[in-house]
Amino acid sequence: MPDELLRPFRDKIRGRTPAARPADEPADPDGEETPPDTILIRDVVVGPFPEAARLHSGFAPGIPRVRLTLDVGAGLRKRPGPLGAEETRALLRICPRLLDHDCGGNGLLGDLLSGADHAAGTSAAPGAGPVAAPSPGPEAAAAPRAIGPGEGDGLYLAHLIEHVAIELIVAATGVPRCSGATCAHAGRLDRFDIFLECADPMAGRAAAVLAAALVRDLRLGFTDRMSLHRRCLDLLTLLASAGDARLVAEDVAVRMECGKEEALQALQEMVRLGYLDAGPASYVFSSPTGVLFRRAEIQPSPR
């Protein structure tokens, strides 16, 4: 992607104002309008993406990067306030170290998670899990805390997705640190590129998509879906550390200590996340469902 299409996070915060759309301009240059209460994933690609290196000094050379391109619907962009106490509590149960992230003094991230003041006691005890690591501190710190995106700007939400994805990558892969950066497309309040480093590109790609779904559901108040997202993270963690190439729901249920239907639902979600492929398997005698799940293949970006 050409550099001119990207604006560093600090520049977007400093000078971002909504622009009126001319009457004869299409709603979206791609010809596809994003539903108001949706986060539409346009692309998720693995590659070196050297242009991301200037966005965050913490990016380690030689580690693959995932680029998640997404559009934030107008309905979600009109909800700039912080998550409520219930939503914050549900998020911190899955991502207990979010408030420990290095993000310019927790300015922007802290704004969205201000409900944490009413959700005390939800974070894991010290040492109970991996500490998610520095996200783009330099970019966020460059902007005064009082300056934020204008009405109808999806930047806060995209930034939260980045941090949730970092937390999921650290939890699933066991790495001690992970860096990320959020960029907005020039002249747009809805489209963003999120760059995430991950030595396991398959897990990084799945974590990025899962983070978008998780944040969307939280912003809409669908806290009842958090149990499914938690199972997806648990399954991703299990698969990322195992060499299994083929899986059936019954075996996963035993390993995750859950019901067969819950295991099957989590496996199906992992197909939607791009981590697994599913197909018929007539001769899998251990599974009456006859569905065999295989690790999907990923095609790295030529860049």
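Because the structure is predicted, anything quoted here is derived from the model rather than measured. Residue numbers start at 1 and run along the sequence shown.
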Query raised in the report: Is the side chain of S179 donor-acceptor paired with the backbone N or O of G58 at a distance under 3.5 Å, no angle test?
Result: yes
Quiz: residues 267-278 side-chain donor-acceptor pairs under 3.5 angstrom, not counting sequence neighbours:
{"residue": "E269", "atom": "OE2", "partner": "R272", "partner atom": "NH1", "Å": "2.5"}
{"residue": "Y275", "atom": "OH", "partner": "R295", "partner atom": "NH1", "Å": "2.4"}

Report task. Can you see which heavy atom on A211 is nearest to which on V164, and at what distance? Result -> CB-CG1, 3.8 Å
Query raised in the report: Residues in side chain to side chain contact (heavy atoms under 4.5 Å, CB included) with T237, at least two apart?
Result: A172, L233
Query raised in the report: Could you walk me through whether Y156 and H159 pass the ring pair (Phe, Tyr, Trp, His ring centres under 6.0 Å) check?
Result: CA-CA 5 Å; Y156 270 8; H159 188 55; 8.1 Å; no
Query raised in the report: Between G221 and E87, which heavy-atom pair has the shortest distance, and what is it?
Result: CA-OE2, 3.8 Å
**Report entry** Residue pair R97 / E167: nearest heavy atoms and the distance that separates them
**Finding:** N-OE2, 2.8 Å
Requested in this report: Please answer whether the main-chain N or O of V72 pairs with a side-chain N or O of R77 as donor and acceptor at a distance below 3.5 Å.
Outcome: yes
Query - Pair T173, D200: side-chain N/O donor-acceptor within cut-off below 3.5 Å - result: no
Query raised in the report: Who are the side-chain hydrogen bond (donor to acceptor under 3.5 Å, both in side chains) partners of D234, not counting sequence neighbours?
Result: R230
Query raised in the report: Partners of A263 by side chain to side chain contact (heavy atoms under 4.5 Å, CB included), sequence neighbours excluded?
Result: V252, A253, C258
Query - Over all atoms of both residues, closest heavy-atom pair of R65 and F49 - result: NH1-O, 3.0 Å
Query raised in the report: If you look at every heavy atom in R225 and D217, which pair is closest and at what distance?
Result: NE-OD2, 2.7 Å
Query raised in the report: In chain order, what residues pass the side-chain hydrogen bond (donor to acceptor under 3.5 Å, both in side chains) check against E197, with sequence neighbours excluded?
Result: R177
Requested in this report: Please list, chain by chain and in numerical order, all residues satisfying side-chain hydrogen bond (donor to acceptor under 3.5 Å, both in side chains) with R231, sequence neighbours excluded.
Outcome: Q265
